[in-house]
Amino acid sequence: MELIKLTLPNGDIIEVTSGTTIAEAAASLSGRLAKDAVCGRFNGELKDLSYRLTENGKLEIVTTDSPDGVDVMRHTVSHVMAQAVQRLWPGTKLAIGPTIQDGFYYDFDMEHTLSSDDLEKIEAEMAKIIAEDYEITREELAPEAARALFESQNATYKLELIEGLDEQISVYRQGEFVDLCRGPHLPSTGRIKAFKLLSVAGAYWRGDSRNKMLQRVYGTAFFKKSQLDEYLKRLEEAAKRDHRKIGRELDLFSIVDEGPGFPFFHPKGMVLRNVLENFWREEHIKRGYSEVKTPIMLREELWHRSGHWDHYKDNMYFSEIENQRYAVKPMNCPGGILMYQRKIHSYRDLPIRMGELGLVHRHELSGTLHGLMRVRSFTQDDAHIFMRPDQVEAEIIGVIDLIDYVYKIFGFPYHVELSTKPKNAMGDDAIWDMATDALRKALENKGLEYKVNEGDGAFYGPKIDFHLQDCVGRTWQCATIQLDFLLPERFDLYYIGEDGQKHRPVMLHRVVFGALERFIAILTEHFAGAFPTWLAPVQVMLIPVAEDHLPYAREIAAKLSEFGIRYEIDERNEKIGRKIREAQLQQIPYMLVVGTNEMNEGTVAVRHRRQGDLGKFGLERFIEQITSEIKEKKLD
RNA sequence: GCCGAUGUAGCUCAGCAGGUAGAGCACUUCCAUGGUAAGGAAGGGGUCACCGGUUCAAGUCCGGUCAUCGGCUCCA
């Protein structure tokens, strides 16, 4: 009998007879491994436990506690779900059923429209399939055989998928169910422990809106019930933080039927905005930016010149003034360019860093609107940097530093992605290579790790995107840095060089927050409404114990006011328990309770929204403390 | 825009065998002057998203429109 050598992850080499399955190899290593094995990774490729090893190679047993193991299991659950759906609604055609970030989905084409009640029925049928514990087997077929199989089932989507495959095709069977699949899978349906179907939604076949809309069922699964429960709790937690809910409760903003996608900012939301804007201005002034404001509407002709008409007109709003066509700006750059062109620039003037908190309007499809996250009018914290080619790298580094500084203030971890030349790009490869290199060098110079998105850049230049992570683990693309060679060309921008000749400047577009509206939404969810004191719309709630203490509370308020501290006085004739409860619910950082004792001593009783009663403070001491907390932009 | 669900007082929701609306919170007034997460009482408030249809009668059934929610596509 022929022996083969298997190299294990720890470097050990074991010998087994050729034809040994991965499951058997695992069992020979340890009982625990045999029990927890989900599949194997042989020479880098995931294989079923039943896979027979016939050559030397590297073997790793993938277990239930590895991300790959979970992924394989979820994929099997998606098959079980498909099986259940086909049992309940015969004739259902299967499209695709992959795993995703936290679960899986399967797309179905069926007569019956699924409701959320149906999810329970499907779950029950799935439980049966799991209890029946079918063995899951892999079969490899020649393309013709596979075609014949799926033709016999009238599985039109699978047939379409096979078109893209030319080598041998693998299918998996469990009981009466068969599906086209690369695998691997769990060895049997009984290995599924904890799953839950989450929602039904429409989804286009192959993600193309010209194609048929299918029904997609989302679900998730874990090896342990406790992990599933934990995940479901996290979803609940995220729902509790929904900025639309907190925005209403804390009276920050609203969106009404009269203006879908056009948010109203209430006084408290406006405080947040203004604090953010002031912070933004301070940091930009420090870094040599000037600030401009360009008009909301400009002649339509400008947008033809900029290329927006060709690439963006479906997202733009138009109007007419005295028989002239105008467009509402969807971006700030053309205005910024006109600003650059207002005079002749010397090479000595560059770089010009021109910031603008620019209100843009974009027509977004009605189905995509979402609170403040996705709106039709929003304020970009934009800036355009006009520079000489030799300044590109230093300017990019400057922007990276600014973004890093700002995100750290809010306590957001982030990761970076670099997007390169797309197919329909303008400009020749040499310019793109130079620009992409500049971005890459800047990133490497800063020692930042980054992921490359090939072909994902803007049509006018490559870009760096910053994805910040909130405390629920979700990531949001906010900041972006884009190099642009196209617009300077189109608008014939120039500066006068040392040689007295005209030279073409390079342009850089960038945002730090992204959009103020979205950033406020993210902050709201991240902090669950408990904004750090420097951001809190109301920083101090004054709580007089009884009516007699009102004058003293007002005295204190006047003092706080002198120091620019944002306060409110709860003047209602209510017990302090109630006043405290409501201040707590409003997530106000500090409550100052004042009664007879405080009045006599000239003190305040300080309560913090998280730490509770902090005891009596002299007013000066409290002001000193909160002022420094605000100044340092401390996080709780 | 597309698929599905939803739309009742400021908020959260009940009402559904079709017989012209109800609770809690919030709001107003009064009583209570209270020391660290809801004191008591009384009162005001809704063309049941909008438009049309069926019916003697529609929040309740049907159709359309709008908006919201979950996704898809797109994106700051």
Side-chain angles (χ1 to χ4, degrees), chain A residues 105 107-109 113-118 198-218 239 242 244-245 248-249 251 254-261 312 314-315 330-332 358 360 362-382 458 465-466 476-480 482 509-522 541 543-550 572-586 591-598 605-609 612-616:
Chain A
Y105 66 79
D107 286 346
F108 304 109
D109 183 3
T113 46
L114 293 168
S115 68
S116 37
D117 295 338
D118 290 329
L198 300 169
S199 60
V200 209
Y204 299 111
W205 166 237
R206 298 208 142 154
D208 189 327
S209 56
R210 288 166 301 191
N211 287 340
K212 184 168 184 184
M213 177 73 63
L214 308 171
Q215 299 191 65
R216 175 173 297 179
V217 179
Y218 285 93
D242 193 315
R244 292 165 297 187
K245 179 172 171 281
R248 188 170 48 237
E249 288 166 355
D251 200 15
S254 57
I255 299 173
V256 297
D257 281 7
E258 287 81 349
Y312 216 73
D314 291 346
N315 285 297
M331 294 187 197
N332 302 302
V360 298
R362 295 183 186 175
H363 174 72
E364 301 292 349
L365 296 177
S366 55
T368 65
L369 302 178
H370 180 95
L372 286 185
M373 294 284 190
R374 191 75 186 277
V375 288
R376 285 177 171 155
S377 77
F378 56 97
T379 306
Q380 293 184 304
D381 64 318
D382 216 342
D465 293 325
F466 290 72
W476 305 92
Q477 201 249 97
C478 290
T480 165
Q482 307 182 345
H509 311 239
R510 45 108 284 182
V511 287
V512 180
F513 294 142
L516 241 15
E517 289 75 5
R518 181 180 284 182
F519 200 74
I520 286 171
I522 294 167
M541 179 61 87
I543 301 181
V545 173
E547 268 172 301
D548 297 345
H549 312 120
L550 242 176
R572 295 172 308 166
N573 231 336
E574 289 294 347
K575 299 203 164 184
I576 73 160
R578 148 156 304 215
K579 294 182 184 175
I580 283 171
R581 175 182 157 79
E582 283 166 24
Q584 284 281 162
L585 293 174
Q586 286 292 305
M591 287 148 266
L592 299 185
V593 178
V594 292
T596 311
N597 301 338
E598 290 77 12
V606 178
R607 181 189 164 99
H608 184 264
R609 66 181 167 202
D613 195 349
L614 300 179
K616 282 185 204 160

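Residue numbers begin at 1 in each chain, while the letters A, B, ... track the order of the sequences. It should be emphasised that the depicted structure is a prediction, and the values quoted were computed from it without experimental measurement.
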Q: Please tabulate the protein-to-nucleotide N/O contacts below 3.5 Å involving nucleotides 9-16 of chain B, giving atom names and distances.
A:
from	atom 1	to	atom 2	distance (Å)
B/rU12	OP1	A/Arg248	NH2	3.1

Q: Could you list the residues that satisfy side chain to side chain donor-acceptor pair (under 3.5 Å) with A/Asp208, not counting sequence neighbours?
A: A/Arg210
Q: Applying salt bridge (Lys or Arg N to Asp or Glu O under 4.0 Å) as the test, list every pair that has at least one member in residues 372-381 of chain A; sequence neighbours left out.
A: A/Glu364-A/Arg374
Q: Looking at residues at least two apart in the chain, or sitting in another chain, which of them share a side-chain contact (heavy atoms from CB on, under 4.5 Å) with A/Glu598?
A: A/Tyr552, A/Val594, A/Thr603, A/Ala605, A/Lys616
Q: Toss me the dot-bracket line for RNA chain B: Watson-Crick and G-U wobble, both under 3.5 Å, 5' to 3', using | for pairs to another strand and [ ] for crossers.
A: (((((((..((((.....[..)))).(((((.......))))).....(((((..]....))))))))))))....
Q: Would you please name every residue forming a side chain to side chain donor-acceptor pair (under 3.5 Å) with A/Thr596, sequence neighbours left out?
A: A/His549
Q: Using the side chain to side chain donor-acceptor pair (under 3.5 Å) criterion, which residues pair with A/His608? Sequence neighbours excluded.
A: A/Gln611
Q: Summarise protein proximity over nucleotides 67-76 of chain B in one line of letters, 5' to 3': B for base, S for sugar-phosphate only, - for none, counting protein heavy atoms closer than 4.0 Å.
A: SSSBBBBBBB
Q: On the nucleotide B/rG39, are OP1 or OP2 found under 4.0 Å from the side-chain N or O atoms that A/Arg578 carries?
A: yes
Q: Listed by chain and number, what are the side chain to side chain donor-acceptor pair (under 3.5 Å) partners of A/Gln380, not counting sequence neighbours?
A: A/Asn332
Q: List the residues meeting ring-ring contact (aromatic ring centres under 6.0 Å, His included) with A/Trp476, not counting sequence neighbours, and say none if there are none.
A: none
Q: Run the ring-ring contact (aromatic ring centres under 6.0 Å, His included) test against A/Tyr105 and tell me which residues pass, sequence neighbours left out.
A: A/Tyr218
Q: Base contacts versus sugar-phosphate-only contacts with protein, heavy atoms under 4.0 Å: please encode nucleotides 30-35 of chain B as B, S and - from 5' to 3'.
A: --BBBB
Q: Distance check, P atoms only: B/rA14 and B/rC61, in whole angstrom units.
A: 15 Å
